[in-house]
**Student:** 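This is the structure I want to talk about, given as structure tokens.
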Amino acid sequence: MQVKIVKDKNEGGQVAFDLIKKGIANGAKVLGLATGSTPIPLYQDMIASDLDFSNLVSVNLDEYVGLPEDNEQSYHQFMKDNLFNKKPFAHSYVPNGNAADIDEAAKEYDQIIADNPIDIQILGIGRNGHIGFNEPGSDLNSTTHKVKLTESTIEANKRFFDDEKDVPRYAISMGIGSIMKGKQIILMAYGEDKADAIKATIEGPVTDHVPASVLQNHKDAIIIVDEAAASKLSK
């Protein structure tokens, strides 16, 4: 596990972009992508670059269940707004949160991952150490699955919706086992509120109480953090 400390999220995005650029130069064809505010500087660097992604494939981590793909809060729409509309890929996969059978859709997504092995997987991290929608207590060997969102996640998401009843209660997410199949994993975290999670991820035991701690077992995991997120590391 490599740890790279940067001054801010913009430098972090540039470091991640440089790793992706190097990976593509070395033959990477499939990028695993994440949503949320953390990867936005990376996506901005990707958009501003002269790199052509039209011969690459992207595979996203997760999606809400029951939210129309064109809803402004869906991860389909997030990816279009923040990357795909400006830098299209040959094919971009996002889990189908509107499938009639979500469990079957999860199996189909695992087959997509099997058919498109992820070369570089981008991750953020939650304050409780979650990756994707894999909350504490998740099976460290899990594959793509339906997730019941925690009350804290639902509460945090209320601000994005006009009506509380519109807030999704479930998501479909790559499992931790699915994430660990990525040949290289780049996790980014910024801000003091991520410091406890980063310390537990890097220096704590590997435990399902801190899902991201499983990255200690990955052969090529790179953690990009600003000084605030790294502030509780002992070394």
Side-chain angles (χ1 to χ4, degrees), residues 1-20 31-48 60-62 64 72-73 75 78-79 81-83 120-138 147 149-161 167-168 171 173-174 176 179 182 184-216 218 221-235:
M1 182 181 280
Q2 298 180 55
V3 179
K4 296 180 181 289
I5 300 177
V6 297
K7 65 180 180 181
D8 57 28
K9 63 183 180 181
N10 293 320
E11 184 181 351
Q14 184 63 55
V15 170
F17 172 73
D18 289 342
L19 289 167
I20 287 175
L31 304 184
L33 301 179
T35 56
S37 59
T38 298
I40 286 179
L42 165 61
Y43 296 157
Q44 290 172 339
D45 286 336
M46 291 169 70
I47 290 167
N60 259 72
L61 278 171
D62 43 28
Y64 290 119
E72 64 181 359
Q73 297 302 330
Y75 291 165
F78 176 97
M79 293 307 304
D81 292 343
N82 289 285
L83 185 61
I120 303 173
Q121 175 67 60
I122 301 299
L123 295 176
I125 186 172
R127 283 176 285 184
N128 60 5
H130 76 247
I131 47 178
F133 271 119
N134 298 288
E135 298 285 355
S138 297
V147 180
L149 301 184
T150 62
E151 287 303 317
S152 61
T153 298
I154 293 169
E155 183 68 30
N157 287 345
K158 284 180 182 178
R159 67 187 188 278
F160 299 123
F161 295 86
V167 181
S173 176
M174 273 192 211
I176 297 172
I179 291 169
Q184 181 180 71
I185 295 178
I186 302 170
L187 183 149
M188 296 176 285
Y190 311 117
E192 190 176 356
D193 64 339
K194 299 295 178 71
D196 286 326
I198 288 299
K199 180 175 176 60
T201 294
I202 296 171
E203 298 181 349
V206 175
T207 169
D208 62 10
H209 295 300
V210 183
S213 66
V214 75
L215 298 181
Q216 293 179 36
H218 195 276
I222 300 168
I223 313 296
I224 300 172
V225 287
D226 64 4
E227 292 181 0
S231 61
K232 295 189 178 181
L233 295 175
S234 61
K235 52 189 175 184

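Being a predicted model, the structure only gives us computed values, none of them experimental.
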**Student:** For the pair Asp196 and Lys232, evaluate salt bridge (Lys or Arg N to Asp or Glu O under 4.0 Å) and give the outcome as yes or no after the intermediate values.
**Tutor:** CA-CA 7 Å; Asp196 286 326; Lys232 295 189 178 181; 2.8 Å; yes
**Student:** Find the distance between OG1 (Thr35) and CG (Leu83) and round it off to the nearest 0.5 Å.
**Tutor:**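 With rounding to 0.5 Å, OG1 (Thr35) is 12.0 Å from CG (Leu83).
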**Student:** Output the distance between atom CD1 (Ile198) and atom CG (Leu187), rounded to the nearest 0.5 Å.
**Tutor:**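 The distance works out to 5.5 Å.
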**Student:** Between Met1 and Thr201, what is the shortest heavy-atom contact and its length?
**Tutor:** CE-O, 4.2 Å
**Student:** Does a side-chain heavy-atom distance below 4.5 Å link Ile179 with Leu123?
**Tutor:**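 Touching, per the 4.5 Å side-chain cut-off.
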**Student:** Please report the interatomic distance CD(Gln216) to OG1(Thr207), rounded to the nearest 0.5 Å.
**Tutor:**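 One gets 10.5 Å once the value is rounded to the nearest 0.5 Å.
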**Student:** With a 4.5 Å cut-off on side-chain heavy atoms, are Asp226 and Lys9 touching?
**Tutor:** no
**Student:** Using every non-hydrogen atom in the two residues, find where Met174 and Asn134 come nearest and quote the distance to one decimal.
**Tutor:**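 Heavy atoms of Met174 and Asn134 come nearest at O-ND2, 2.9 Å.
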**Student:** Taking all non-hydrogen atoms of both residues, which atom of Lys194 and which atom of Ala189 are closest, and how far apart?
**Tutor:**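 Heavy atoms only, the tightest pair is CB-CB, 4.2 Å.
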**Student:** Are more than 12 heavy atoms from other residues, nucleotides or ligands located less than 6.0 Å from atom CD of Glu192?
**Tutor:** no
**Student:** Between atom CD1 of Ile224 and atom OG1 of Thr38, what is the distance when rounded to the nearest 0.5 Å?
**Tutor:**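 Between atom CD1 of Ile224 and atom OG1 of Thr38 there are 11.5 Å.
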**Student:** On a heavy-atom basis, which atom in Ser213 and which in Ala200 lie closest, and how many Å separate them?
**Tutor:**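 Looking at all heavy atoms of both residues, the shortest contact is CB-O, 4.1 Å.
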**Student:** Is there a donor-acceptor pair under 3.5 Å between the side chain of Glu203 and the backbone N or O of Ser234?
**Tutor:** yes
**Student:** Between the side chains of Gln14 and Asn10, is a donor N or O closer than 3.5 angstrom to an acceptor N or O?
**Tutor:** no
**Student:** Within this structure, what is the CD-CD1 distance for the pair Gln184 and Ile222, rounded to the nearest 0.5 Å?
**Tutor:** 4.0 Å
**Student:** Does His130 reach the side chain of Val147, with side-chain heavy atoms less than 4.5 Å apart?
**Tutor:**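 A side-chain contact under 4.5 Å is absent here.
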**Student:** Return the minimal non-hydrogen interatomic distance between Pro39 and Met188, and the atom names on each side.
**Tutor:**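 What the structure gives for the nearest pair is CA-CE, 3.9 Å.
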**Student:** Between Pro168 and Phe161, is any pair of side-chain heavy atoms under 4.5 Å apart?
**Tutor:**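 Yes, side chains in contact.
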**Student:** Evaluate the side-chain proximity of Phe160 to Glu72: yes if any heavy-atom separation is below 4.5 Å, no if none is.
**Tutor:** no
**Student:** Would you indicate whether the side-chain heavy atoms of Leu61 and Gln121 approach each other to under 4.5 Å?
**Tutor:** yes
**Student:** Before giving the answer on side chain to side chain contact (heavy atoms under 4.5 Å, CB included), spell out for Ile40 and Phe78 the whole-Å C-alpha distance, their side-chain angles and the decisive distance to 0.1 Å.
**Tutor:** CA-CA 10 Å; Ile40 286 179; Phe78 176 97; 3.9 Å; yes
**Student:** Given side chain to side chain contact (heavy atoms under 4.5 Å, CB included), test Leu215 with Ile223 step by step and report yes or no.
**Tutor:** CA-CA 9 Å; Leu215 298 181; Ile223 313 296; 4.2 Å; yes
**Student:** Which atom pair, heavy atoms only, marks the closest approach of Ala197 to Arg127?
**Tutor:** CB-O, 3.6 Å
**Student:** Taking atom CD of Gln2 and atom CD1 of Ile186, what is their separation to the nearest 0.5 Å?
**Tutor:** 10.0 Å
**Student:** Heavy-atom distance under 4.5 Å between the side chains of Ile20 and Leu42, does that happen here?
**Tutor:**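 With C-beta onward as the side chain, the pair touches.
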**Student:** Angle between ring planes, Phe133 versus Tyr75, binned at 30° and 60°: parallel, tilted or perpendicular?
**Tutor:** parallel
